[in-house]
Amino acid sequence: MISESALDAARAAYDIESECISQMKDFFDSEQFSKAVELLCAAPRIGAAGSGHSGIACQHFAHLMCCIERPARFISPAEAVHGAMGFLRSGDVMVLASRGGKTGELLPIAEICRAKKISVITVTENTDSPLALAADAVLKQHVSRETDRWNVQGTTSTTALCVIFHALQAAMIEQTGYRAEQFALIHPGGAVGERLNRKPL
């Protein structure tokens, strides 16, 4: 049997993360968000890069884009500076996620984007950071605190990042008129695919 303090910590995690999400709307910048959506909707290809938990969330973002038929891929920061940035060309978009906005592995990617005329969207808590200053659009990531007792694990911050990515996809669906019928074609698997492709009796 686990301790009561462990159960208390688990329950508190729900409160901590829900409070953070509710606060995030206070930092929503319509102008910057609109610019990000416009860039993403117009981009032939989309890249996303981040390190650690941010990188894992960027993999999720790339999949979200593919689910609305926007060609996208996660580009590992390590691979980006060894040729993988060849995936993107002028007119494309790179999304860089870094809570502090100073992730050393991402700074060379921003420089490559500038040289290749690739637009940059930075998601960060620090809007005065080097990655924010290098961006065409900056989306503010608000994090109240992480869920662990030492406030160091990438928990609430990862949730906050994913919420921003979800908001981008939701806006793009509305902006482009993407339809469930289109998604049904590329998502025939699982319970969602079964529901979308169910033939009327």
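These numbers come from a predicted model, not from an experiment. Position 1 is the first residue of the sequence, and the numbers go up from there.
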Side chain to side chain, [X] and [Y], heavy atoms closer than 4.5 Å:
X      : Y      : answer
Gln141 : Val143 : yes
Met85  : Glu79  : no
Val81  : Glu105 : no
His60  : Cys162 : yes

Please tell me whether [X] and [Y] are part of a single hydrophobic cluster in this structure, the criterion being side-chain heavy atoms less than 4.5 Å apart.
X      : Y      : answer
Leu96  : Val93  : no
Leu7   : Ile16  : no
Leu106 : Ile56  : no
Ile118 : Leu131 : yes
Val95  : Leu133 : no

About how many Å separate [atom2] of [Y] and [atom1] of [X], when rounded to the nearest 0.5 Å?
X      : Y      : atom1 : atom2 : value
Gln23  : Ser18  : CD    : OG    : 9.5 Å
Glu17  : Ser144 : CD    : OG    : 8.5 Å
Glu38  : Asp136 : CD    : CG    : 12.0 Å
Gln182 : Ile173 : CD    : CD1   : 10.0 Å
Thr176 : Glu69  : OG1   : CD    : 9.5 Å
Ile68  : Leu40  : CD1   : CG    : 8.5 Å

If you look at every heavy atom in [X] and [Y], which pair is closest and at what distance?
X      : Y      : answer
Thr122 : Ala135 : OG1-CB, 3.4 Å
Phe61  : Ala48  : CD2-CB, 4.0 Å
Cys66  : Ile186 : O-CD1, 3.8 Å
Leu168 : Phe33  : CD2-CE1, 3.5 Å
Val120 : Cys113 : CG2-CB, 3.5 Å
Ser98  : Thr103 : OG-OG1, 2.7 Å

Main chain of [Y], side chain of [X]: is a donor-acceptor contact present, judged purely on distance under 3.5 Å?
X      : Y      : answer
His53  : Gly55  : no
Glu146 : Thr155 : yes
Gln169 : Leu64  : yes
Arg70  : Cys41  : yes
Asp92  : Ala43  : no
Gln32  : Leu139 : no
Lys116 : Leu88  : yes

Any side-chain donor near an acceptor of the partner, Thr147 and Gln153, under 3.5 Å: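 No donor-acceptor contact under 3.5 Å links the two side chains.
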side-chain contact (heavy atoms from CB on, under 4.5 Å) between Arg99 and Thr124, worked out: CA-CA 5 Å; Arg99 181 178 176 184; Thr124 181; 5.8 Å; no
Over 12 non-hydrogen atoms of neighbours within 6.0 angstrom of CZ in Arg145: yes
Arg11/Asp8 ion pair, N-O < 4.0 Å: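 Salt bridge flag = yes for Asp8 with Arg11.
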Trace of the side-chain contact (heavy atoms from CB on, under 4.5 Å) decision for Phe87 with Arg73: CA-CA 9 Å; Phe87 172 71; Arg73 62 167 284 193; 3.3 Å; yes
Aromatic plane relationship, Phe27 with His142 - under 30° parallel, 30 to 60° tilted, over 60° perpendicular: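 Rings of His142 and Phe27: parallel, under 30°.
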Worked verdict on Ser54 versus Leu161 for side-chain contact (heavy atoms from CB on, under 4.5 Å): CA-CA 8 Å; Ser54 295; Leu161 180 56; 4.0 Å; yes
side-chain contact (heavy atoms from CB on, under 4.5 Å) between Ile112 and Arg114, worked out: CA-CA 5 Å; Ile112 294 170; Arg114 188 180 302 111; over 6 Å; no
